[in-house]
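In what follows, chains carry the letters A, B, and so on, assigned in the order in which the sequence lines appear, proteins first and then strands, with residues in each chain numbered from 1.
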2 protein chains.
Amino acid sequence: MGVTRSDLFTEKQNEFSKVAKVFGHPARLAILEYLLKSNSCICGDLVEELGLAQATISQHLKELKNAEIIKGNIEGTSVCYCINEEKWYEMKMIFNELFDRYPNPKDCC
Amino acid sequence: MGVTRSDLFTEKQNEFSKVAKVFGHPARLAILEYLLKSNSCICGDLVEELGLAQATISQHLKELKNAEIIKGNIEGTSVCYCINEEKWYEMKMIFNELFDRYPNPKDCC
DNA sequence: ATTAAATATTGCAATATTACGATAAATAAA
DNA sequence: TTTATTTATCGTAATATTGCAATATTTAAT
């Protein structure tokens, strides 16, 4: 066993968790924060900045791209990465939708 | 190797990713959503509701509790779980802090 | 055409996560 | 005290993730 039972959950729950999982690694957060302050960068910048191996950075970039959180534009031999604006706002929205569902006043045990 | 290089990242990044990781499984989202609508519940409710084994639910509850996202109060033979209000608002805040860091107007590649 | 530069992919080892049956622990009810 | 109820923990198997060296791929420059 040991395989996530996606069949038991809603499409929304599976989608949300997939996005959240991308935030669930400090290297990917560091990449996003670097992109937030620099607007765009190439893989090599991140290798220098973060101190992880090039292959590792590339892998994290791939996951961020798969989740559509970032976009990559080929520019010569390098790839210029930046945050995907649409997805960013969509994420902001769905996270807030969740956070705002907390009942107020609450009545806890 | 294969062990996360927490030493390379900031305390904030490591903490944030730890919280995000908890959101990164549909079962835990389902648990939180159930708690949001019912205000409180016991482990058995979730076993029925979600269809995962009791041991599995208990494990997910443990992770949610470790992350301080939920609290558990012993009531007889059962444990009443509910959302930790303080942590909930704290999470809302730190996620929004991240999302709001997106530069506008942006200048992408 | 060669060489250089940048990124992606492959292959592998280490570690972490997920799931569940079995069992333990703790309290309530009889 | 015995039994029932509820949750936690243990043990284990399957799967997923992380990291990096080595290599492949792609385009630019010479």
Q: Counting heavy atoms from C-beta on, name the nucleotide in dG19(D), dA16(C), dA28(C) closest to the side chain of Thr4(B).
A: dG19(D)
Q: With a 3.5 Å cut-off and no angle check, do the side chains of Glu75(B) and Ser78(B) form a donor-acceptor pair?
A: no
Q: Please give me every residue in residues 44-69 of chain B whose heavy atoms get under 4.0 Å of an atom in DNA chain D, ordered by residue number.
A: Gly44(B), Gln54(B), Ala55(B), Ser58(B), Lys62(B)
Q: Between Phe99(A) and Tyr89(B), does the ring centroid distance fall short of 6.0 Å?
A: no
Q: Report the distance from atom CD1 of Ile74(A) to atom P of dT25(D), rounded to the nearest whole Å.
A: 16 Å
Q: Can you name the disulfide bond (SG atoms under 2.5 Å apart) partners of Cys43(B), sequence neighbours left out?
A: none
Q: Hey, does Lys62(A) have a side-chain heavy atom less than 4.5 Å from the side chain of Asn66(A)?
A: yes
Q: May I ask you to decide whether Glu33(A) forms a salt bridge with Arg101(B), counting only side-chain N to carboxylate O separations under 4.0 Å?
A: yes
Q: Under 4.0 Å from OP1 or OP2 of dA8(D): is there any side-chain N or O of Tyr81(B) that close?
A: yes
Q: For Ile42(A), which contact category applies under a 4.0 Å heavy-atom criterion: base, sugar-phosphate, or nothing?
A: sugar-phosphate
Q: Calculate the interatomic distance between Arg5(A) atom CZ and dT15(D) atom C1'; express it in whole Å.
A: 14 Å
Q: Is Ile83(B) reachable from Ile42(B) through a run of I, L, V, M, F, W or Y residues, each pair having side-chain heavy atoms under 4.5 Å apart?
A: no
Q: Of Ser6(A) and Cys80(A), whose closest DNA chain C nucleotide lies nearer the 5' terminus?
A: Cys80(A)
Q: I'd like to know if the two cysteines, Cys82(A) and Cys108(B), have SG atoms within less than 2.5 Å.
A: yes
Q: Does anything in residues 20-34 of chain A come within less than 4.0 Å of DNA chain D? Heavy atoms only, and list the residues if so.
A: Lys21(A), His25(A), Arg28(A)
Q: Could you tell me the separation between the CD atom of Glu63(A) and the CD1 atom of Ile70(A), rounded to the nearest 0.5 Å?
A: 10.5 Å
Q: Take atom CD of Glu75(A) and atom P of dA8(C), then tell me their distance rounded to the nearest Å.
A: 13 Å
